[in-house]
Amino acid sequence: MTLSLYNTLLRTKEAFAPIDRTHVKLYVCGPTVYDYAHIGNARTFSAFDLLARLLKHLYPKVTYARNITDVDDKIIERSNQSGEPIDSVTARTTAQFHADMDDLGLLRPDIEPRATRHIGDMIAMIEALIAKGFAYAAEGHALFNVPSMSDYGKLSRRSQDELIAGARVEVAPYKKSPADFVLWKPAKEGEPGWDSPWGKGRPGWHIECSAMTAAHLGQVFDIHGGGLDLIFPHHENEIAQSRCAHGTQVMANVWMHSGFLTIAGDKMSKSLGNFYTVRELLDEFPGEALRLAILSAHYRQPLDFTKDKVELSKKKLDRWYRLFKENSGVFNFANSAVLDKHDGKDLDPDFLNALCDDLNTPEAIKEIDRLVNEAYAENSSTTALALAMRKVKVAANLMGFLTQEPEAWFKWQPAGASGLDDAAVEQAIADRLAARKAKNFAEADRIRNDLAAQGIILEDGPKGTTWKRG
RNA sequence: GGCGCGGUGGCAGAAUGGUGAUGCAACGGACUGCAAAUCCGUGAAUCCGGGUUCGAUUCCCGGCCGUGCCUCCA
């Protein structure tokens, strides 16, 4: 089983070769905690969550780090606008982020370093860059001198001339070169700051990731991921800082970037007002349905997000879960709650191959559909059916699906829904059953239509009537 | 201007130098009091023009259309 990954550095897929086969190290650029996570964040983090799950299946030990950026101009701006203290903004937003990602069904990263707890590491790295001649101090700032690095721009494939010619912003007078970027910036009156050799201030945007990866994963590690928009300047500058500070040829061997998301065909943007927060979508749809919709396109392809797609994904999961609801006597869902790499013998090879081909999730989902179809069609013996169901669950679990009790899945309802409670539904079903026994089909259908109007869908099966919220 | 991505059935969305998956939708049938679910079956697609090739949706060139980035942005 060969894992191949698309490497932005090479612009091609290549076989993944870990630095240490016994311990794979992955870093993903996490959120800046000043506002709710939006659906675009959810896409990126869902893609790398899946990568982490796959790596953990394939390798004995994986360290997955995803940072929290808790010092940033946007956070300061938000605090100034609302009057809420910065610590409160970041603590509240971080908690919200965790709740959102949990409900989406993502695994927590193994390490979640916070920028404010690595200020000392950042200062030390900047000092090293200055000592080696790659950076300089000017007017309370520390800046990285881009021309000092001969092969700057390899990741984004930009020449330094292009950068200077394309610069949109006015160049600060203290910069030696227009392309130079900030490592440390002075704090204005009332802004948070830390003492440093360049005065009281705060780190630039890029240095935190360089410092935190070095602290937690080492100077050179396996995979660095993030959204497509981070290629330039963020990742390019991380690479410059880390390589120059450490004297290494690479910062990470593989650089992976998730594609963008549009909303019903338009670029998602706050000014257009066409963005969704993860929370508002989770209020309307189950997290698994939202994540399946996100993963139904390959992570590097553009994804056009619509609520219709989430509805379709929810219906697909209904079908997957129904298999287990209808055959609960054959396969004990609860007792199979944790299906991990020890269940590899029942993991479908075509499914795993799809994921190993640069996370081809549409192909992998297709294979789960195939396994589900095979299970539904299995009628030779209960043993064969149980095995077929087990194969479905092992595969789905690897992607983080089929993680809840089928009964709970079908009874899920949107936040704040004021529909019938479970007992009222059960009572209506009992009334309908009585009507059916009396051959009073008009009354039975009236009850069914009545429930349907309230979002309750009934299904008469050989073992009685079951229901779901639709 | 520079760098990049994409154009596959009604919709979504993979793959492939040689019969183009899968899901949803549609249609026919089984089952059902009727439905739903499930099962069996049917129809339906590679933007345009060149080139390479025995053969191109796939590789190369050009065009058209759409779209992203170029120091706030997952």
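The model shown is predicted, which means the values in this text are computed figures rather than measured ones. By convention in this document, chain letters (A, B, ...) are assigned in the order of the sequence lines, proteins followed by strands, and residues within each chain are numbered from 1.
Between A:His224 and A:His257, the ring center distance fails the sub-6.0 Å criterion.
Here the P atom of nucleotide B:rA74 and the OH atom of A:Tyr276 are 20 Å apart, to the nearest Å. With rounding to whole Å, A:Leu295 atom CG is found 12 Å from B:rA14 atom P. If you take CD of A:Glu459 and P of B:rU38, they are 8 Å apart, rounded to a whole angstrom. Rounded to an integer number of Å, the gap from A:Arg448 CZ to B:rC34 C1' is 6 Å. Atoms CD (A:Glu326) and C1' (B:rC39) sit 12 Å apart, rounded to a whole Å. For the pair A:Lys13 NZ and B:rU16 C1', the computed distance is 12 Å after rounding to whole Å. Rounding to whole angstrom units, CZ of residue A:Arg436 and P of B:rU32 are separated by 12 Å. One atom, NE2 of A:His235, and another, P of B:rC3, lie 23 Å apart when rounded to the nearest Å.
Under 4.0 angstrom from either OP1 or OP2 of B:rA15 there lies at least one side-chain N or O belonging to A:Asn360. A:Lys315 has a side-chain polar atom (N or O) that falls below the 4.0 Å cut-off from OP1 or OP2 of B:rA25.
A salt bridge links A:Glu374 to A:Arg370: at least one charged side-chain nitrogen sits closer than 4.0 Å to a carboxylate oxygen.
Closest approach to the A:Phe260 side chain among B:rG13, B:rU71, B:rA74 is made by B:rA74 (side chain taken as heavy atoms from C-beta onward). Listed candidates were B:rC69, B:rA12, B:rA74. Nearest to the side chain of A:Lys309 is B:rA12. Closest contact between the side chain of A:Pro362 and the listed nucleotides B:rC39, B:rC34, B:rG13 involves B:rG13.
At a cut-off of 3.5 angstrom, counting only N and O atoms as typed in the model, there is no donor on one side facing an acceptor on the other between the side-chain of A:Arg319 and the base of B:rA37. For A:Asp229 against B:rG68, no side-chain N or O and base N or O form a donor-acceptor pair under 3.5 Å.
Here A:Gly30 lies out of heavy-atom contact (under 4.0 Å) with every strand.
Mapping A:Leu312 and A:Gly40 onto RNA chain B by nearest heavy atom places A:Leu312 closer to the 5' end of the strand.
Contacts between residues 366-373 of chain A and RNA chain B, counted as heavy-atom distances below 4.0 Å, involve A:Lys366, A:Asp369, A:Asn373.
At least one donor-acceptor pair under 3.5 Å links the side chain of A:Arg11 to the backbone N or O of A:Thr8.
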